[in-house]
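Side-chain atoms are counted along with the backbone in the values below, which use heavy atoms only and exclude waters and symmetry mates.
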Amino acid sequence: MRGQGRRHQGGRRHNNQSKNVVDHSQDFNSPIEELGVDTDDAVTIAIEGCCHGNLDAIYNRLLQHQERTSKNIDLLVCCGDFQSLRSTADYHSLAVPPKYRTMGSFYKYYSGEVKAPILTLFVGGNHEASQALQELHYGGWVAPNIYYLGSAGVVNFAGLTIGGVSGIYKSHDYILGRFESPPYHSSSLRSVYHVRNVDIYRLKCFSNSKIDLMLSHDWPRGIYQHGDKNALLRKKPFFRAEVERDELGSPVNWELLEHLRPSWWFAAHLHVAFHAKVLHSEHKQSEKKESDEKCNLTLIPSQISNSATQATATEFRGIESPGMCQDDDLTLQMTRFLSLDKCLPRRHYLSILHLPSSESSRKLEYNLEWLAILENTHNLTISERRPVSVPDKPQPPTHEQCDSIRQKLNGILDIESLNPFVMTVAPYSPSQQQNLAPPFPIMGNPQTDWLLSKLQKPHIITVPYTGAAPKDDNEIELEDEENDDADIINTKAKTTVLDENEINLDDDDEEENE
């Protein structure tokens with residue numbers, strides 16, 4: 001099995017920072033793939049694959065691109081394995097072998113030492129600081145200008161609707177409640193990032209308007225049938241068996257793709273760049289808004305560039321609309337898929353997409369329909385390890401329910417002004433910190449408190465924020481780092497579930513040294 005690496009040499013110090021420094025300077029002069037047509041009123045979005053805590057390298061390359069092209073990037077979206085590590089205490093909720101632990105650069109953005117130069121939106125993957133993200137289960141700012149979409153979520157940006165689902169699919173946890181809570185043991189450390197049926201059901205309820213961009217970590221299962229499968233298998237020959245069995249990727253993400261039919265779907269996880277185009281054979285009837293307004297549709301040539309890297313079996317003619325069209329729309333017939341690599345030199349981990357936009361605002365905003373869905377489905381949220389039954393048919397919120405949410409927010413949708421970032425733990429300090437900190441206790445987050453109070457719903461899988469001061473990261477020193485998962489994380493009975501279908505991409509040394 002891939003991922004069976006060399007035995008970790010235990011040590012007293014946690015900090016692998018120096019040996020994990022990677023020189024990305026060679027990438028700065030390399031062009032970034034650009035898709036779409038760059039016009040004066042276009043919204044420009046950078047897409048990144050697996051981040052793995054390398055925010056400095058990602059931002060630096062995008063800033064170099066801005067300087068070279070004199071074109072601002074409005075939004076960066078990351079497709080998981082973000083690793084928002086605030087402190088070494090977050091190592092206890094990170095499903096990564098000790099030898100691969102590194103603080104990365106996120107802590108600088110969390111502490112306020114630097115601010116993210118580009119508004120950033122991300123979903124979670126299978127290598128995350130899970131406790132920090134679980135405290136923001138419904139979404140929230142992990143640092144100024146960096147927003148987590150939650151276990152599932154939908155937001156608005158520049159006239160676009162952006163949805164996302166975090167984690168990866170594992171059948172044995174899919175129908176269970178969100179039973180995991182810190183301190184995680186060896187099984188819950190992994191099940192905490194497994195997708196649940198409640199999140200998928202909530203996204204299926206989103207049908208009154210169209211999702212333009214969808215983010216996930218896992219690929220939709222079968223997406224490789226809609227691109228250059230042979231090229232994929234030449235790059236990743238160890239995928240062949242799963243591709244032939246049609247088992248690579250998430251079946252529920254494919255269900256979402258067929259149900260939501262977003263214009264674009266971005267993913268990562270498999271550490272390879274891959275393009276695909278999915279034609280939806282049946283015409284989907286959109287929910288019509290109570291308006292007689294019609295959309296002005298103009299046929300234009302395909303906005304896809306760099307065709308050498310894409311499947312060419314399908315000719316595409318896009319549709320441009322100056323505003324949101326709530327009637328039957330031919331753009332619902334195609335979803336363009338893009339997966340990107342992890343952030344390493346000479347890898348295709350970044351692309352840039354230009355899309356037409358009729359709005360000048362570049363603020364991240366709450367989506368009223370999504371908040372109404374959260375309100376309507378809060379009764380499906382359980383914190384026990386037992387099956388959760390969701391309705392067979394999605395039940396979208398009514399216009400009245402969406403209007404009620406708008407009133408609760410006083411008509412203000414700007415997330416930053418309504419529910420800003422709050423630092424809840426002491427950040428990592430490289431000049432002082434040498435030892436592995438103990439795990440954090442169960443904690444809340446004021447952003448989650450605020451959202452649930454607006455929806456008038458109780459905490460179930462989250463807890464209220466108490467404002468208790470965190471312990472100092474230098475409080476203890478562990479003699480044997482190699483056994484810290486067993487001695488500290490595992491405070492509950494071990495019931496490790498090994499999933500033979502899980503693709504282990506932790507130990508990727510050979511590829512990383514290419």
Residue pair Phe122 / Val77, side-chain heavy-atom distance below 4.5 Å
no
Do the side chain of Asn145 and the main chain of Ala116 share a donor and acceptor less than 3.5 angstrom apart?
yes
Any side-chain heavy-atom pair from Leu260 and Met214 closer than 4.5 angstrom?
yes
Salt bridge or not between Lys363 and Glu365? Use side-chain N to carboxylate O under 4.0 Å.
no
Full working for side-chain contact (heavy atoms from CB on, under 4.5 Å) between Tyr109 and Tyr107:
CA-CA 5 Å; Tyr109 300 88; Tyr107 71 91; over 6 Å; no
Quick check: does any side chain N or O of Glu48 sit under 3.5 Å from a backbone N or O of Ile58, one acting as donor and the other as acceptor?
no
Looking at every heavy atom in both Asp246 and Gly222, which two are closest together, and how far apart are they?
OD1-CA, 3.8 Å
Does the side-chain contact (heavy atoms from CB on, under 4.5 Å) test come out yes or no for Ile47 and Leu350, once each step is laid out?
CA-CA 6 Å; Ile47 308 101; Leu350 279 172; over 6 Å; no
Backbone N or O of Ala437 within a donor-acceptor pair of the Thr88 side chain at under 3.5 Å?
yes
Can you check whether His459's main-chain N or O pairs, donor with acceptor, with Thr462's side chain at less than 3.5 Å?
no
Ile211 vs Leu160 side-chain heavy atoms within contact, under 4.5 Å
no
Within the distance-only criterion (no hydrogens, no angle test), does the side chain of Arg221 pair as donor or acceptor with the backbone N or O of Ser250 below 3.5 angstrom?
no
Do Tyr110 and Phe421 have side chains that get closer than 4.5 Å, going by heavy atoms?
yes
Run Leu353 and Val43 through side-chain contact (heavy atoms from CB on, under 4.5 Å) and show every step you take.
CA-CA 8 Å; Leu353 174 65; Val43 57; over 6 Å; no
For Leu133 and Ser84, work out which heavy atoms get closest and say how close.
CD2-OG, 3.7 Å
Once you round to the nearest 0.5 Å, how far does CD1 of Ile146 lie from CD1 of Ile118?
11.0 Å
Determine, step by step, whether His194 and Asn126 satisfy the side chain to side chain donor-acceptor pair (under 3.5 Å) criterion, reporting the C-alpha distance in whole Å, the side-chain angles of both residues, the deciding distance to 0.1 Å, and the verdict.
CA-CA 8 Å; His194 291 165; Asn126 59 316; over 6 Å; no
Got Asp403 and Thr398 here, is their nearest side-chain heavy-atom distance under 4.5 Å?
no
Can you check whether Tyr169 reaches His217 side chain to side chain, under 4.5 Å on heavy atoms?
no
Only one of Lys457, Lys408, Gln456 passes side chain to side chain donor-acceptor pair (under 3.5 Å) with Glu375; say which it is.
Lys408
For Pro397 and Asn376, the nearest pair of non-hydrogen atoms, with its separation, is CB-ND2, 3.7 Å
To the nearest 0.5 Å, what is the distance between OG (Ser105) and CG (Leu55)?
5.0 Å
is_close_aromatic(His226, Trp254), centroid dist under 6.0 Å:
yes
Does Tyr349 have Arg61 sitting over its ring (NZ/CZ under 6.0 Å from centre, angle to axis within 45°)?
yes
For the backbone of Asn419 and the side chain of Trp141, can you confirm whether one donor and one acceptor N or O come within less than 3.5 Å of each other?
yes
Any donor-acceptor pair under 3.5 Å from Ser166 side chain to Gly124 backbone:
yes
What I want to check is whether the side chains of Asp173 and Tyr193 have a donor and an acceptor closer together than 3.5 Å.
no
Check for me whether the distance between the ring centres of Phe337 and Trp219 falls short of 6.0 Å.
yes
With a 3.5 Å cut-off and no angle check, do the side chains of Asp90 and Tyr428 form a donor-acceptor pair?
no
Run the ring-centre check on His269 versus His127 and record whether the distance is less than 6.0 Å.
no
Take Ile223 and Val278, measure what side-chain contact (heavy atoms from CB on, under 4.5 Å) needs, and give me the verdict at the end.
CA-CA 8 Å; Ile223 193 70; Val278 179; 3.4 Å; yes
Is there a donor in the side chain of Thr377 and an acceptor in the side chain of Arg202, or the other way round, less than 3.5 Å apart?
yes
So which of Val388, Asp199, Val252 actually passes side-chain contact (heavy atoms from CB on, under 4.5 Å) with Tyr174?
Val252
In Å and rounded to the nearest 0.5 Å, what is the CG to CG distance from Asp414 to Leu409?
11.0 Å
Can we say Arg196 and Glu180 salt-bridge, meaning some charged N sits less than 4.0 Å from an Asp/Glu carboxylate O?
yes
When Lys204 is tested against each of Gln395, His259, Glu255 for side chain to side chain donor-acceptor pair (under 3.5 Å), which residue passes?
Glu255
Whether Arg86 and Glu135 form a salt bridge (side-chain N of Lys/Arg under 4.0 Å from carboxylate O of Asp/Glu) is what I want to check.
yes
Hey, is the main chain of Tyr465 close enough, under 3.5 Å, to the side chain of Asp449 for a donor-acceptor pair?
yes
Measure the spacing between OH of Tyr100 and NE2 of His52 and express it to the nearest 0.5 Å.
11.0 Å
First locate atom CG of Asn410, then atom CG of Leu418, and finally report the distance between them rounded to the nearest 0.5 Å.
8.5 Å
Quick one: does Asn253's side chain have a donor or acceptor within less than 3.5 Å of a partner on Asp218's backbone?
yes
Is any side-chain heavy atom of Leu355 closer than 4.5 Å to one of Thr44?
no
Heavy-atom nearest pair, Ser93 first then Ala129, reads OG-C, 3.6 Å
Does any part of the side chain of Leu452, heavy atoms only, come nearer than 4.5 Å to the side chain of Pro458, both counted from C-beta?
no
Applying side chain to side chain donor-acceptor pair (under 3.5 Å) between Tyr184 and each of Gln131, His92, Gln134, Arg190, report the one that passes.
Gln134
Non-hydrogen atoms of Asn367 and Val155 that approach each other most closely:
CB-CA, 4.2 Å
What heavy-atom pair brings Pro182 and Ile442 nearest, and what distance separates the two atoms?
O-CG1, 3.1 Å
Flag for Thr335-His280: side-chain donor and acceptor within less than 3.5 Å:
yes
Counting the benzene-type ring for Trp, do Tyr224 and Phe239 have ring centres under 6.0 Å apart?
no
Within the distance-only criterion (no hydrogens, no angle test), does the side chain of Asn156 pair as donor or acceptor with the backbone N or O of Leu364 below 3.5 angstrom?
no
Please state whether the rings of His378 and Tyr138 are parallel, tilted or perpendicular, taking 30° and 60° as the class boundaries.
tilted
Going from OG1 on Thr161 to NZ on Lys210, what distance comes out if it is rounded to the nearest 0.5 angstrom?
9.0 Å
